[in-house]
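Structure record follows, encoded as structure tokens.
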Amino acid sequence: MSKVLSSVSRFLARGYTVRASDLSIAPGSSLHEYVWTGLQRGDARNALLCSQTGRKIGYERLRQASEGFASWLSSNAAGPLTVMLPNSVEMVVTSLGALEAGIPLSPINPDSSTEEISRILKTMSTDWVVTKSSLIHNVLEAKRMVEEQRKQEYPLGIITIDDDIVFNGVLHFVDLTETKGIVHRRSNTALITQRWGDNGQEKKEVSTESLLASCLQAAWSDLGPGDRLAASVPMFTRYGLTHGVLSGLASGAEIVILPAASDLTTTVQRYKVNAASAVPSAVGQLVKNRLVDLQGLRSLTIAGQLGTECPSLAGVSVTQHYGPPEGPVVFSQQAEGGAARVGQPVAGTEVRVTAGGGEVGPMSEGEIWARGPQLGDAWTATGDSGYYDAEGTFYLTRAGGLSREGLGVWPGELEAALQQHPGVCSAAVFGTPSALVAAVIPADPYSPPDPADVVSWLAARTAPHKRLTDVVFSASLPMTPHGRFDRAVLADRYSSPLNYAAVSSV
């Protein structure tokens with residue numbers, strides 16, 4: 001069984017590198033073993049409760065269903081399994097089954113557009129998709145788009161979790177969970193994530209050990225059987241999967257599943273929740289309620305950077321986790337500092353700050369780099385700028401990644417889409433704490449496109465959380481010495497619109 005062998009409360013200075021205490025994982029450990037740590041056969045405890053439908057599933061039944069799906073996958077799936085589901089019981093069963101079978105899990109936002117789905121399918125070369133029947137039309141259209149690009153048939157299988165809309169040739173998920181047979185693990189790759197990098201859409205393979213490290217680094221230390229955990233962070237993100245699902249089940253608590261847009265306060269009140277995982281915007285809901293309405297809530301974990309001073313919730317321990325958009329976690333702290341403070345490295349993680357081609361010491365600003373098992377044990381640029389103090393606590397001066405409601409926003413993806421707009425010559429996307437903005441050089445400077453049209457045009461091609469809040473027009477766009485858009489300069493200019501040749505807002 002995997003164990004954290006040392007505390008994360010002590011930090012060692014190695015040159016100019018801040019190193020957290022070690023994270024040790026026993027050889028041969030698996031995510032499957034980790035999740036079912038305390039489960040006994042015949043365990044009647046509730047594992048999952050859907051806040052939307054009231055549906056419940058016990059630990060024993062959850063294990064049986066996930067083992068059945070793992071058995072089916074072991075015999076029928078060769079490549080990654082794409083899952084396009086909201087937070088749901090089926091999302092949990094699908095994830096557990098894929099992890100047990102060693103089939104790489106490729107979860108995507110169920111609100112993705114057909115263009116986004118087609119790009120992911122093309123990049124992943126997946127052979128099965130699990131989704132809702134209401135989304136099958138989108139999957140089929142995305143499949144057609146891939147076939148047009150490849151000039152050949154794409155043999156994609158579809159599994160639906162409901163029969164609200166009937167399609168020929170589509171398999172039913174519940175039938176597959178009853179499969180009996182031996183499970184043969186196919187791969188050590190547990191998860192495949194997608195993001196948009198400098199060279200277009202990229203996929204990143206996450207090993208079983210790396211995903212297990214993420215679980216241990218963000219484990220629920222104060223939860224156990226008899227407790228309830230509200231999981232509102234989208235489970236199709238790495239953070240939502242590891243913190244809300246895998247670590248939650250490993251604690252033995254009952255997980256109350258919230259659709260991503262659900263009201264957290266209502267769930268805490270109705271189900272007497274003891275702990276909750278949420279994005280910063282949801283925390284305001286809790287703050288507006290008096291303590292009597294939140295009785296029973298002991299622990300709250302916030303995923304991402306706080307935009308304001310951390311609110312006070314009397315009697316509730318508030319922890320902030322911070323890292324790349326959608327995970328994994330790099331920093332953790334008891335969220336009592338200001339918005340710039342992100343805390344200290346999580347267990348097994350080394351962090352350093354570089355400037356001028358070398359590492360710099362405390363109180364010196366630069367680019368933040370991190371290395372740890374959750375990052376594949378390779379030094380990785382977080383994209384953030386900041387510094388650390390003598391205690392090894394890190395502070396951000398500029399956040400590198402963009403996220404909205406806990407979901408990543410990749411500027412390059414939106415810029416590539418905007419390039420297809422007939423009225424756009426070039427575009428750079430950047431973010432502020434309250435806005436997602438496109439700076440546009442119009443194709444015709446004397447007749448720029450209507451900003452509202454640009455916003456709606458892009459919205460039709462991307463998921464809702466990527467919707468622009470503003471469009472500004474400029475005669476030129478600043479570049480870095482490396483030939484990339486200087487988004488930091490754009491964000492600074494945004495507060496002084498006179499720096500643009502013309503400005504239009506929506």
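Not measured: the values here are computed from a predicted model.
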Say whether, by atom type as modelled, one donor and one acceptor occur between the side chain of [X] and the main chain of [Y] under 3.5 angstrom.
{"X": "E326", "Y": "G408", "value": "yes"}
{"X": "D384", "Y": "G400", "value": "yes"}
{"X": "N87", "Y": "M235", "value": "yes"}
{"X": "T126", "Y": "P80", "value": "yes"}
{"X": "S88", "Y": "P86", "value": "yes"}
{"X": "T131", "Y": "T160", "value": "no"}
{"X": "T82", "Y": "V129", "value": "no"}
{"X": "S210", "Y": "P373", "value": "yes"}
{"X": "R195", "Y": "W410", "value": "no"}
{"X": "R185", "Y": "L99", "value": "yes"}

*Going by the angle between their ring planes, with limits at 30° and 60°, are F69 and W72 parallel, tilted or perpendicular?*
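Parallel, since the angle between the ring planes stays under 30°.
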[atom1]/[X] to [atom2]/[Y] distance, rounded to the nearest 0.5 angstrom?
{"X": "R270", "Y": "T265", "atom1": "CZ", "atom2": "OG1", "answer": "14.5 Å"}
{"X": "N46", "Y": "K56", "atom1": "CG", "atom2": "NZ", "answer": "5.0 Å"}
{"X": "I117", "Y": "N138", "atom1": "CD1", "atom2": "CG", "answer": "5.0 Å"}
{"X": "L85", "Y": "I161", "atom1": "CG", "atom2": "CD1", "answer": "5.0 Å"}
{"X": "T114", "Y": "L140", "atom1": "OG1", "atom2": "CG", "answer": "11.5 Å"}
{"X": "L23", "Y": "T349", "atom1": "CG", "atom2": "OG1", "answer": "7.5 Å"}

*Can you check side-chain hydrogen bond (donor to acceptor under 3.5 Å, both in side chains) on Q217 and S332, steps first, answer last?*
CA-CA 9 Å; Q217 289 165 333; S332 179; over 6 Å; no
Answer whether the closest heavy-atom distance between the side chains of [X] and [Y] falls below 4.5 Å.
{"X": "K132", "Y": "P110", "answer": "no"}
{"X": "I158", "Y": "F167", "answer": "no"}
{"X": "T94", "Y": "I159", "answer": "no"}
{"X": "V146", "Y": "S118", "answer": "yes"}
{"X": "E415", "Y": "F485", "answer": "yes"}
{"X": "V351", "Y": "F331", "answer": "yes"}
{"X": "L375", "Y": "P328", "answer": "yes"}
{"X": "Q149", "Y": "R119", "answer": "no"}

*asked:* Apply side-chain contact (heavy atoms from CB on, under 4.5 Å) to residues L176 and N76 and explain how you reach the verdict.
replied: CA-CA 11 Å; L176 307 185; N76 294 276; over 6 Å; no
Any salt bridge between [X] and [Y], counting N to O under 4.0 Å?
{"X": "E178", "Y": "R61", "value": "yes"}
{"X": "R144", "Y": "E141", "value": "yes"}
{"X": "E147", "Y": "K143", "value": "yes"}
{"X": "E90", "Y": "R55", "value": "yes"}
{"X": "K466", "Y": "E116", "value": "yes"}

*Taking atom types as modelled and ignoring hydrogens, do the side chains of Q64 and E60 form a donor-acceptor contact shorter than 3.5 angstrom?*
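Side-chain D/A pair, Q64 to E60: present.
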*Just by distance, with hydrogens left out, do D162 and S133 show a side-chain donor and acceptor under 3.5 Å apart?*
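Looking only at side-chain atoms, S133 and D162 do form a donor-acceptor pair, the distance falling under 3.5 Å.
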Heavy atoms only: give me the nearest [X]-[Y] pair and the separation to one decimal.
{"X": "L49", "Y": "G54", "answer": "CD1-O, 3.7 Å"}
{"X": "S385", "Y": "I368", "answer": "C-CD1, 4.1 Å"}
{"X": "A276", "Y": "W220", "answer": "O-CH2, 3.6 Å"}
{"X": "A278", "Y": "S232", "answer": "CA-OG, 3.6 Å"}
{"X": "V279", "Y": "G406", "answer": "CG1-CA, 3.6 Å"}
{"X": "W36", "Y": "S66", "answer": "CZ2-OG, 3.8 Å"}

Donor-acceptor list for residues 242-249 side chains, cut-off 3.5 Å, not counting sequence neighbours:
| unit_1 | atom_1 | unit_2 | atom_2 | d |
| --- | --- | --- | --- | --- |
| T242 | OG1 | R238 | O | 2.9 |
| T242 | OG1 | Y239 | O | 3.4 |
| H243 | ND1 | A218 | O | 2.7 |
| S247 | OG | Y34 | OH | 3.2 |
| S247 | OG | C215 | O | 3.0 |
| S247 | OG | T242 | O | 3.0 |

*Do M479 and D486 pass the side-chain contact (heavy atoms from CB on, under 4.5 Å) test, and can you show the C-alpha distance, the side-chain angles, and the key distance before you say yes or no?*
CA-CA 5 Å; M479 307 295 287; D486 196 329; 5.9 Å; no
*asked:* Once side-chain contact (heavy atoms from CB on, under 4.5 Å) is applied, do any residues pair with W457, and if so which ones, sequence neighbours excluded?
replied: Q420, H421, R461
*Take atom NZ of K203 as the centre, draw a 6.0 Å sphere, and report whether it contains more than 12 heavy atoms from other residues, nucleotides or ligands.*
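Yes, because the 6.0 Å sphere around NZ of K203 holds more than 12 heavy atoms from other groups.
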*asked:* One pair to check against side-chain contact (heavy atoms from CB on, under 4.5 Å): S426 and L477. What are the steps and the verdict?
replied: CA-CA 9 Å; S426 182; L477 297 173; 3.9 Å; yes
*Could you walk me through whether V342 and V330 pass the side-chain contact (heavy atoms from CB on, under 4.5 Å) test, one step at a time?*
CA-CA 9 Å; V342 292; V330 175; over 6 Å; no
